[in-house]
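Take a look at the structure below.
Each ligand, and each atom within it, is numbered from 1 in the order the structure gives.
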Amino acid sequence: MYDNFFRKITTINYIIYARLSKEEQGKSKEDQSRSIKNQIIMCKNYIEEEKKLYQDCHFIEVAILKDDGISGTTFDREDFQKLVSLIEQKKANMVITKDLSRLGRDHIQTDDYIEKWFPEHNVRYVSIMENIDTYVDSVSNEIAPIINWSNENFARQTSKKIKRTFKNYRDTGKWTGGEPPLGYQIDERNKYHLVIEPKGKEIVERIFKLALENNSLDKIAKILTDDKVPIPSLMKKSKRKIITETWSSQTIKNILKNEIYTGNMVQGKTTRLNHKSKKIIYLPKEQWSITKNTHEAIIDQETFNNVQLIFKSNKNKTIKSYDYLLKGIIKCHECKHLIGIQHYKNRSKNYTICSFYRKHGNKKSGCTAHRFAYDEIESLVLKSIKNNCLKYVDKTNMLNILKKQDYAFEQENNLRKKVDKCHKEIEILNKELDDIYEDKLKGIISIEQFQRIIKSKQKDLEYEQNQLKRYYYDLEKILKVQSEDQNVNKIVNDFLTISKPNKLLIVKLIDKISLSENGTINIYYKIKPPR
Ligand SMILES: [Zn+2]
């Protein structure tokens, strides 16, 4: 079971809350107590069912609370206040009532509790009769416009169904995010699918090309601005107010880091508890929903990875007009800080210097200058890399690599078939779920039947989705191994054939270089030695 942040939680501290409704207040004391008793039994039964459903969870009854309902229009009831205080003390994370009217008669305030207060306190609220479950409901903010028009009960049920479907769409990689990113537009024939928007595509390609040539974000932004390339919000004819027509480095960065350009659907980076809550939550990467190959790629995976590599190596450096091949890669062996390169206009040589020493001096940093002629270091490093590359080529038995590739290719094909089958199953299950909701709305099936069928279908769906995830995981592993051998060969060959190595090749080969006080250079490679 997951709470609203989609974290896995294993201990469910639940409160059962019962209350007499307006009609019951006129009845005899005996009837009243029977009503309360029945409500509690129903809630307890529900919990028993939950226990079966979530066997890895631990259910703890925190309290059974009951109010007589005389003060039902306000939330000033004694036991209700106890409930509030227990939740505020974080002693409970689930509240269950027989029906919604038990919570309160004031609809606005009741809604507020369900849609805002409970979710914000990470409390799952369940109302058995109306089939309300805030755990199922509070999925994401994309659905907000749909909820807003759903004031009536019927519409409300429909919206829940749509919301759930949305979540499934997202899991199977359908576009649900509104305005697509630069370079894409929504497919006219299928609103969940993205297609290329040619003008934007050109700009995106240009940005990636400029980044590969090791231009800084600022520089790319400047080039585009100077060329009067329209900024994304102008391209999209967005209703947003256009403040500036200058490209910002942040916009460039967002584009360069967006995996969507490789044909993978990345969604769900942020969430809101629900539409009434303003709090935006940034989810960790493991919780993003990423589906591979859902639309045409603009940037191939290799280019994308290369740009991310350059990003990483440039992270620590300040933008200056001189760029050295090994800038940002050399680290101080003694203090582990970056080794900078000092350029003197009036001198012919450039020198390395420990950046920590430069900033704080010997006394405060405890480090020394690490001052060496940069050009000499560079040529020593390149010579050493070259020797290692030659050794690599010598040892590599090409025939073995080809054999391995054949086997991996077969495995890959099998997995792809399985993935296709899974996608089809999921589509069918989704359609079946939709039909059942229809049947329920039309009153063809009873609530009990409905709940039973839904539970079993959802289990099937969950199973298929887990399978899919596993297949994708395996597939990724195979593709990685497959491309690793090819890649290393290519990089090594490139390095040996190219006359002057560029920064990209260096960051592909080298993790870091350490330079010590006495001038010893250690090179840490990214690639593994030949197997
Ligand atoms: Zn140092």
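A distance of 6.0 Å or more separates the ring centres of Tyr374 and Tyr351.
Not one N/O/S atom of His333, from backbone or side chain, sits under 2.8 Å from the Zn ion (ligand 1). Within the 2.8 Å limit, His337 places no N, O or S atom next to the Zn ion (ligand 1).
Here Cys332 contributes SG and Cys367 contributes SG, and at the Zn ion (ligand 1) these two atoms make an angle of 100°, given to 10°.
Here Lys336 pairs with nothing under the side-chain hydrogen bond (donor to acceptor under 3.5 Å, both in side chains) rule; sequence neighbours left out.
Here Glu202 does not pair with Arg206 in a salt bridge; the nearest charged N to carboxylate O distance is not below 4.0 Å.
Gln250 and Asn254 form a side-chain donor-acceptor contact under 3.5 Å, judged by distance and modelled atom types alone.
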